[in-house]
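Down below is the structure, laid out as structure tokens.
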Amino acid sequence: MKVLITGTPGVGKTTVCRIAAQRLGVRCVEAAAVLAGKPFTSWDPYSLTYDIIDVDAARRELSRELASDHILDTHVLDLVGDVDRVFVLRKRPDVLLRDLSGRDWPLHKILDNVWAELLDYIYVEAKDRWGRVHQIDVTDRSSLETADAVVDCLKGGVCIDERVDWLSYSLESGFLERLEFISNRTSSRRSSSPPRT
């Protein structure tokens, strides 16, 4: 069993991975935890995250963790090889903005992730790469309910594949205008600040 749970940071991948893996008796492999601080990564203080500077080395390191049955949790799809099933967790962008704002993250990083979710970035990349993916809207689902959906698909073949249209929702609700305003204000502050050393 080689399963990928992916999605924008903040949608609940890690929690769902842990619960589903425990129920299925397999390992949850958290790519970020495996790769953080390794020689092929570099700490980015601006975004408070590790950047992968050698994708091939990162793939080799991660592959050692993926020898047995597993569920892999990552949003960096370049690291992922062949998989049996792909689940893309989705969260409505206004809810994602609210949830990520509770984290100790820089605003630009929060906005980058909200825009990525609104524009289906990870879903489109996964669909282009693997063809068949299962999209699950987690906006009104708990992590337990989402893990149930993953397990039901893997064990019983009853799979959820929901359609989301965050762009239309954001246009109709006024969230897109609000997000553009916040992004523009943040961008103008960044461009007027002194250069970083």
Side-chain angles (χ1 to χ4, degrees), residues 1-36 49 52 58-59 61-100 102-103 105 110 113-167 169:
M1 177 187 294
K2 296 188 293 186
V3 176
L4 170 64
I5 294 180
T6 189
T8 307
V11 297
K13 297 182 301 296
T14 302
T15 304
V16 170
C17 179
R18 290 173 181 170
I19 296 168
Q22 182 180 27
R23 291 184 182 171
L24 293 165
V26 300
R27 295 180 63 227
C28 169
V29 178
E30 301 167 37
V34 170
L35 303 176
T49 191
I52 297 170
R59 276 195 207 115
E61 180 74 22
L62 191 57
S63 70
R64 292 193 257 285
E65 300 289 326
L66 303 176
S68 59
D69 289 348
H70 63 270
I71 301 176
L72 175 61
D73 152 30
T74 186
H75 68 276
V76 184
L77 300 186
D78 287 343
L79 298 174
V80 184
D82 292 334
V83 291
D84 301 319
R85 296 270 187 172
V86 178
F87 296 91
V88 183
L89 308 187
R90 307 298 307 275
K91 187 179 280 189
R92 210 174 68 211
D94 54 343
V95 175
L96 184 64
L97 176 62
R98 182 199 67 204
D99 292 352
L100 291 179
R103 296 185 179 192
W105 283 7
I110 292 170
N113 283 294
V114 172
W115 277 110
E117 179 65 16
L118 190 149
L119 297 173
D120 306 327
Y121 180 80
I122 291 177
Y123 173 72
V124 169
E125 187 179 353
K127 189 118 174 99
D128 287 348
R129 175 95 180 269
W130 291 287
R132 181 165 167 75
V133 302
H134 304 288
Q135 188 169 220
I136 303 175
D137 180 358
V138 301
T139 305
D140 295 316
R141 279 191 176 91
S142 69
S143 295
L144 287 171
E145 291 168 328
T146 305
D148 284 343
V150 169
V151 171
D152 288 346
C153 182
L154 295 172
K155 283 180 81 173
V158 180
C159 302
I160 291 174
D161 188 10
E162 297 173 311
R163 183 179 179 278
V164 300
D165 184 354
W166 296 151
L167 186 55
Y169 166 80

H70 side, atom NE2; L62 side, atom CG - distance, nearest 0.5 Å:
8.0 Å
Between T8 and I122 the two heavy atoms that sit nearest each other are N-CD1, 3.6 Å
R27 versus S68, closest heavy-atom pair with distance
CD-OG, 4.1 Å
Is a donor on one side and an acceptor on the other found under 3.5 Å between the side chain of D73 and the backbone of E30?
no
Shortest non-hydrogen contact from A147 to I19?
CB-CG2, 3.5 Å
If you compare all heavy atoms of T74 against all heavy atoms of A31, which two are closest, and at what distance to 0.1 Å?
CB-CB, 3.6 Å
Looking only at non-hydrogen atoms, find the nearest pair between V86 and A126 and report the distance.
CG1-CB, 4.4 Å
When Q135 is tested against each of R90, R163, K127, E162 for side chain to side chain donor-acceptor pair (under 3.5 Å), which residue passes?
R90
Nearest 0.5 Å, what's the OG1-CG distance between T6 and L79?
10.0 Å
Would you say R92 and Y169 are linked by a side-chain donor-acceptor pair, where the criterion is simply a distance under 3.5 Å?
yes
If you define the side chain from C-beta out and look only at heavy atoms, does anything of I110 sit under 4.5 Å from R103?
no
Distance from H134 atom NE2 to I5 atom CD1, nearest 0.5 Å?
11.5 Å
Separation between CD (E65) and SG (C28), nearest 0.5 Å, reads 11.5 Å
Go through the steps for V164 and Y123 under the test side chain to side chain contact (heavy atoms under 4.5 Å, CB included), then give the verdict.
CA-CA 10 Å; V164 300; Y123 173 72; over 6 Å; no
For F87 and V3, run side chain to side chain contact (heavy atoms under 4.5 Å, CB included): C-alpha distance rounded to whole Å, both residues' side-chain angles, the deciding distance at 0.1 Å, then the answer.
CA-CA 8 Å; F87 296 91; V3 176; 3.7 Å; yes
I'd like to check W130 versus V80 (side-chain heavy atoms, cut-off strictly below 4.5 Å). Are they in contact?
yes
Mind running side chain to side chain contact (heavy atoms under 4.5 Å, CB included) on V114 and W166 for me, showing each step along the way?
CA-CA 11 Å; V114 172; W166 296 151; over 6 Å; no
With a 4.5 Å heavy-atom cut-off, do K91 and L100 have their side chains touching?
no
So among D82, V29, L72, which one has a side-chain contact (heavy atoms from CB on, under 4.5 Å) with L4?
L72
CA sep, side-chain torsions, deciding dist, call: V88, V11, side chain to side chain contact (heavy atoms under 4.5 Å, CB included):
CA-CA 9 Å; V88 183; V11 297; over 6 Å; no
Closest non-hydrogen atoms of P9 and N113, given as atom of the first, atom of the second and distance, are CD-OD1, 3.1 Å
Reported CG-to-CG distance for the pair D161 and D137, which is rounded to 0.5 angstrom:
12.0 Å
If you define the side chain from C-beta out and look only at heavy atoms, does anything of K2 sit under 4.5 Å from V26?
no
Could you give the distance from CD1 (I71) to CZ (R85), rounded to the nearest 0.5 Å?
12.0 Å
Is it true that, when you exclude E145 itself, more than 12 heavy atoms of the residues, nucleotides or ligands shown sit nearer than 6.0 Å to its CD?
yes
